[in-house]
Amino acid sequence: MGKLDGKVAIVTGGASGIGKGTVEAFVAEGARVIVGDVDSDGIGALMAKLGHNQVDGSEVDVRDEAAVQRMVDQAFRRFGRLDIAFNNAGVGGFSPIQAYSLEDWDRVLGISLTGTFLCIKHQAARLIAQGQGGSIINVASLNAIQPTEGFAAYCSAKAGVAMLTKVAALELGRHKIRVNGIGPGLVHTPATAGMTALPGLEDAFIHEAPLGRAGEPEDVAKLAVYLASEDSSLMTGQTLYIDGGASLKKYPELFGFFGVS
Ligand code: NAD
């Protein structure tokens with residue numbers, strides 16, 4: 001028996017990395033999943049791997065409110081209900097503040113923070129109407145609480161996600177909808193491949209992480225299963241940092257790795 005038998009989940013950014021690992025973990029625990037992503041090829045590959053009875057895809061840019069609403073509707077149209085949302089789509093981008101373009105700032109904030117808001121908004125409306133509670137999980141980052149050179153937009157967006165998680169938990173608790181966050185440290189995914197390829201950067205991160213290793217998507221997915229399931233039924237409003245202890249120390253000084261003086 002799986003921990004999520006009979007449940008229906010939405011996973012945004014589900015075609016790659018942490019999102020993909022979480023789709024796989026949710027399905028392994030018995031859930032049926034709508035994968036929301038801009039990457040239609042990635043969605044197709046995951047549906048082929050996990051089976052069309054368990055997984056359906058929704059091509060969505062989480063900045064597009066109408067598309068987000070369609071994605072939420074699709075959970076009901078295809079699988080008849082909604083219980084869990086894993087709002088994971090997010091992007092970063094490196095630049096010193098004085099050179100940060102407004103376009104790049106808007107992109108990071110738009111996908112990582114506003115996109116999370118739009119997902120919560122439409123998921124909450126449908127979960128309230130369904131009347132059986134639910135679990136919403138938002139992916140923040142270690143950088144919600146730990147500043148990092150060159151990541152002004154990303155750190156600001158993720159701090160916003162952690163606070164949005166608290167406000168949503170406060171508002172939605174009366175409907176038995178729990179809202180929690182996950183704050184990963186460095187996790188090996190396509191998004192971090194460029195960073196970890198920089199000589200010495202991963203070693204520097206690991207040096208600041210008491211457990212001495214970076215994470216894998218499966219590490220985060222296990223925490224997502226816990227927050228999605230009844231095992232965490234008394235928990236809401238929390239962002240849990242899964243970072244090998246890196247939040248206890250400091251982030252590596254990225255300006256040096258990116259050649260900024
Ligand atoms: P990833 O690039 O492997 O996956 C991100 C997915 O999001 C991709 O499938 C991409 O197509 C999708 N996506 C991008 N923009 C989108 C949009 N506008 N609408 C819908 N989907 C979109 O990245 P990842 O490392 O797995 O990151 C997933 C989440 O975890 C992000 O929110 C990221 O900020 C967060 N995070 C990652 C790490 C890490 O070290 N990998 C650490 C902390 C937090």
Side-chain angles (χ1 to χ4, degrees), residues 2-14 18-19 22-23 25-26 29-34 36 60 62 65 68-76 79-90 109 111-145 156-184 220-243 247:
K3 285 178 186 280
L4 305 177
D5 278 344
K7 305 279 188 192
V8 174
I10 289 172
V11 176
T12 70
I18 290 169
T22 301
V23 173
F26 282 1
E29 292 292 346
R32 288 168 294 164
V33 182
I34 299 289
V60 62
V62 292
E65 183 162 12
V68 168
Q69 194 162 11
R70 279 197 299 277
M71 173 182 69
V72 176
D73 287 345
Q74 196 171 334
F76 288 84
F79 296 132
R81 56 182 297 108
L82 179 65
D83 304 282
I84 299 156
F86 188 70
N87 296 321
N88 160 76
L109 270 286
I111 297 173
S112 305
L113 180 57
T114 308
T116 303
F117 154 68
L118 289 173
C119 288
I120 297 172
K121 173 181 170 179
H122 290 282
Q123 292 153 358
R126 295 301 299 263
L127 286 170
I128 291 169
Q130 185 175 250
Q132 295 173 14
S135 174
I136 296 175
I137 303 154
N138 304 315
V139 177
S141 165
L142 164 63
N143 295 132
I145 53 170
S156 303
K158 293 301 190 177
V161 169
M163 181 52 81
L164 179 59
T165 296
K166 294 188 194 192
V167 176
L170 200 59
E171 294 189 9
L172 297 173
R174 73 201 68 188
H175 301 288
K176 306 292 179 242
I177 298 167
R178 301 184 295 109
V179 188
N180 291 293
I182 295 180
V220 181
K222 285 178 199 164
L223 181 54
V225 168
Y226 170 69
L227 291 174
S229 78
E230 289 304 304
D231 285 350
S232 59
S233 62
L234 193 57
M235 186 178 291
T236 197
Q238 306 304 310
T239 292
L240 302 179
Y241 294 92
I242 176 165
D243 59 2
S247 47

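Atoms considered below: every heavy atom in the structure, side chains included; atoms not considered: hydrogens, waters and symmetry mates.
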Test item: [X] and [Y] side chains (from C-beta on) under 4.5 Å apart, heavy atoms:
| X | Y | result |
| --- | --- | --- |
| Val62 | Leu118 | no |
| Leu240 | Asn180 | no |
| Phe86 | Val33 | no |
| Val220 | Val139 | no |

Drop me the distance from [X]'s [atom1] to [Y]'s [atom2], to the nearest 0.5 angstrom.
| X | Y | atom1 | atom2 | answer |
| --- | --- | --- | --- | --- |
| Glu65 | Thr114 | CD | OG1 | 11.0 Å |
| Lys7 | Glu29 | NZ | CD | 12.5 Å |
| Asp73 | Leu82 | CG | CG | 10.5 Å |
| Gln123 | Thr12 | CD | OG1 | 7.5 Å |
| Thr116 | Lys121 | OG1 | NZ | 14.5 Å |
| Met163 | Leu113 | CE | CG | 12.0 Å |

Margin query: For Tyr226, is there any backbone N or O sitting under 3.5 Å from a side-chain donor or acceptor partner on Ser229?
Written below: yes

Next item on the list: Give me the one residue out of Ile18, Asn143, Leu223, Leu142 that meets side chain to side chain contact (heavy atoms under 4.5 Å, CB included) with Pro184.
Entry: Ile18

Margin query: By the side chain to side chain donor-acceptor pair (under 3.5 Å) test, which pairs, at least two apart or in different chains, include something from residues 129-139?
Written below: Arg81-Gln132, Asn87-Asn138, Asn138-Thr165

Note to self: Ile84 vs Leu4, test: side-chain contact (heavy atoms from CB on, under 4.5 Å). Steps then yes/no.
What the structure shows: CA-CA 9 Å; Ile84 299 156; Leu4 305 177; 4.0 Å; yes

On a heavy-atom basis, which atom in [X] and which in [Y] lie closest, and how many Å separate them?
| X | Y | result |
| --- | --- | --- |
| Arg178 | Ser233 | CD-O, 3.4 Å |
| Ile137 | Ala224 | CD1-O, 3.6 Å |
| Ile177 | Leu127 | CD1-CB, 3.6 Å |
| Gly183 | Thr239 | N-CG2, 3.9 Å |
| Met71 | Val60 | SD-CG1, 3.7 Å |
| Phe79 | Ile34 | CE1-CD1, 3.8 Å |

